[in-house]
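Everything below concerns the one structure shown next.
Each chain gets a letter, A, B and so on, in the order the sequences are listed, and its residues count up from 1.
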Amino acid sequence: MTEQTTSTRDVGVVIQESESNRPVVEAIEQDNPDCSVLHTPGLIRITAPGRLVITQETVEEKLGREWETHEFQMAIVSYFGNIQEWDEDEIVIAWDH
Amino acid sequence: MTLAPEKKTKKPRKLSMKARYEALTRGLDWEPSYVTKEEMFPHLEYEGIKIHDWAAWEDPFRLTIDAYTKYQAEKDRRLYAVLDGFAQGQGHLNLTDAGYLNAMKLFLQGVTPLEYAAHRNFAYLARHFAGPGPRFAALCQSIDEIRHMQTEVHTLSNYNKYYSGLHNWPENHDRMWYLSVPKSFFDDALSCGPFEFLIAIGFSFEYLLTNLLFVPFMSGASFNGDLPTMTFGFSAQSDESRHMTLGLEAIKFLLEQDEDNVPIVQAWLDKWFWRAYRVTALVSQMLDYMLPRKVMSWKESFELYFEEQMLKGLFEDLAFYGITPPRHVADAVQEKDVLSHQVYWILYQFSFAAGFTTTMPTPEHQQWLSQAYPDTFDTHFKPLWDKEARNIASGGRHFTRGLPQLCQVCQIPMAFTEPGDPTTLCQRESEFEGEIYHTCSNGCQWIFEREPEKYRQAWLPVHQIYQGNCGGPSVPEVLEWYHLQDGDAGEYLGSRDHTNWLTWQGEAAAETASHENKAGA
Amino acid sequence: MSITSLGEYDFPSRSRQELYGDDQLVTLWFQDTMWWCSPVMFRAPRAMTWADFWAQMIVPLAEEDPDFDAATARTWTLHGAPFEPQDGMTLTELGIRHKDVIGTRVAA
């Protein structure tokens, strides 16, 4: 499932606002320059046109420790789009069509 | 499992996520030897769904049992640490107002038992699906759901020590009139076959609508000083993203397996969108009326989580398979300006028979409502509250002692109006085998007429009360059968919770003042 | 129209008239006020006269509306069509069936 879709409809992820998730959010902002971030009480909603990627390398860099992508389950509250890829090195949310 | 011989490194090389998933989830499946596959999985054909290749099921989470238990344990550890802190730190005093808990009472009575029902039915799917991928995903969800039920009960039990309305939720769920709305919704899904259940709960409820239900709800808890609820909400919702994925994979899998599945799935989607949407009506009024500090209006929430994310996002994806947005979705969109007001108006006048209290919105609250609903609140709903204000001034309180006509499908009192006309109640009548049945909307009528044999069996609280099946035919007998205690029901102002709250706040203020005096002396 | 099921599926209505003996369910819909969140349902004897139905069932409930006046002239509908209730006639004689909805508004 590596085909890239041309869709630019927004996808997004909602993350719990917490100390340990702040570096994760920073990593997402860095890896997705087009994203927009909305803060509501307790929650951070990050959306991006077409595709949103979370990479292990950037998160580890921000956290200063090892981080496996499974750990993203501790941060994610909700998402919209389709989880296209969830591997050791990255998580990709995008629409299929 | 034997690993291939490795190079001499210190750390044993880990399998890739993909390989671990293949080995631990798919690789543990077996072929039956002394029964046929049809005997082993007897419920897979009668719904008309055709599956050619179960292995085509994708699980993006690539979940294995060890990773699952590791992270679930961590989620529980985090939650229970917060609960301990709550108990030790007098957390019950940190709310914005005791009235906030009315939303939690409704949640505990209405939603928590659904978690348990979901646990049961995902266990059924984990037994009945013929593919190991979906079976394992359903098994995890089944365990998640019972965890949600337990964590919700543990969390809210802390409030039960101090507040009314939280002491009898399982019986409430089985008996009380407004709780037949969520209960009958889930019973409807539980009595479907495995594939319809998956589209009903896994997709229509989990993927399409839970954002609408949980995300503003958690923000509301956060905004109103309810840290433990926010924490269980997050703890549950982190599982929810997995459930959403299961729902989305399910629908795509069914659509890709056979073209004949498309019209069946479309009809289920049409039905279950509306069924689930009607249940979320209870949430609409929580956001607009029950939270002392508002997060966002129902209308905003609906626009953000449903119109933007689902209609503009998801359904364009599903169009690829020939799926169209749910029938009657336009009615739901049109209702966003009136829904919460109509639902709270029901609860307001029947809260003498409920496990929560209600009160008239204050002038500031009404101002917020009129800003959030510029097209409808001042024209249609403020006049009702103005009339109620006069009624209260002359010693009244609008409690309707008559019983409401209920919708045969969603079981909500017939309080909704014609699409686009907030001044005319919507009444739909259908006849089946010589008996007439009433529904509240085009959506509910369509659902009834598709399967009248099913919905004519509905256990409608009002009809049951009049048959004498709920403790007796009169209202006092029914209230006794509900096991309501003093302080559970009625008007919030002057209620037990409200009086206690004022006393506790007064004590806290007096204590602070006395400390300040001492410090000043 | 039939339901998809594992076996035969035919069960009676849980609200059928016979479960109410000599009575039936009747719904009253005040069409010109939103004071009542929804129409109100009663259980009433089929042999009850309209006068009794009005005086014993409708009025005691409707009086909870501060604007209700029992003496005001009203118009009525049954099955959506104009309807003239007769005080001396029973619900059955008036053609009111189990679960029927009677609409009413203050006469213009």
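Between the CZ atom in F80(A) and the CE atom in M244(B) there is a gap of 9.5 Å [rounded to 0.5 Å]. To the nearest 0.5 Å, the span separating OG on S78(A) from CD on E206(B) amounts to 10.5 Å. Taken from NE2 in H70(A) to CG in D66(B), the straight-line distance is 7.5 Å, to the nearest 0.5 Å.
Counted within 6.0 Å of CD on E259(B), heavy atoms from surrounding residues, nucleotides or ligands total 12 or fewer; the atom is thus considered open.
A donor-acceptor distance shorter than 3.5 angstrom exists from the side chain of D317(B) to the backbone of D96(A), with no hydrogens or angles considered.
Between chain A and the residues E240(B), M230(B), E74(B), M218(B), the most heavy-atom pairs under 4.5 angstrom are made by E74(B). The residue among G233(B), P60(B), S222(B), G313(B) with the most heavy atom pairs within less than 4.5 Å of chain A is G313(B). Note on K75(B), E308(B), E316(B): by heavy-atom pairs under 4.5 Å with chain A, the leading option is E316(B). Ranked by heavy-atom pairs under 4.5 Å with chain B, the first of E71(A), R45(A), E17(A) is R45(A). Each of R242(B), M296(B), K252(B) has some count of heavy-atom pairs under 4.5 Å with chain A, and the biggest count is that of K252(B).
Checked by atom type, the side-chain pair Y79(A)/T245(B) shows a donor-acceptor distance below 3.5 Å.
Comment: E85(A) does not engage K18(B) in a salt bridge, judged by the lack of any side-chain N to carboxylate O separation of less than 4.0 angstrom. Between K312(B) and D10(A) there is no salt bridge, since no side-chain nitrogen of the basic residue lies less than 4.0 Å from a carboxylate oxygen of the acidic one. A salt bridge links E68(A) with K70(B): the distance from a Lys NZ or Arg NE/NH1/NH2 to an Asp or Glu carboxylate oxygen falls below 4.0 Å.
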Q: Any chance you could lay out the side chain to side chain contact (heavy atoms under 4.5 Å, CB included) test for Q237(B) and V14(A), step after step, and finish with the verdict?
A: CA-CA 10 Å; Q237(B) 194 67 25; V14(A) 180; over 6 Å; no

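The two atoms that bring S219(B) and P41(A) nearest to each other are OG-O, 2.8 Å, heavy atoms only. Taking both residues in full, the closest heavy atoms of Q73(A) and S238(B) are given as O-CB, 3.2 Å, listed atom of the first, atom of the second, then distance. Here the closest non-hydrogen pair linking V77(A) and F234(B) is CG2-CD2, 3.4 Å.
Proximity of L314(B) to W95(A): side-chain heavy atoms (C-beta onward) are separated by under 4.5 Å at one or more points. Looking at heavy atoms from C-beta onward, R62(B) lies in side-chain contact with D87(A) at the 4.5 angstrom threshold.
Of the two parts of T69(A), only the side chain, counted from C-beta on, holds a non-hydrogen atom closer than 4.5 Å to a non-hydrogen atom of chain B. Of the two parts of Y21(B), neither the backbone nor the side chain holds a non-hydrogen atom closer than 4.5 Å to a non-hydrogen atom of chain A. Proximity to chain A is limited to the side chain of V295(B), based on heavy atoms less than 4.5 angstrom apart.
A centroid separation of less than 6.0 Å is found between the aromatic rings of Y321(B) and H97(A).
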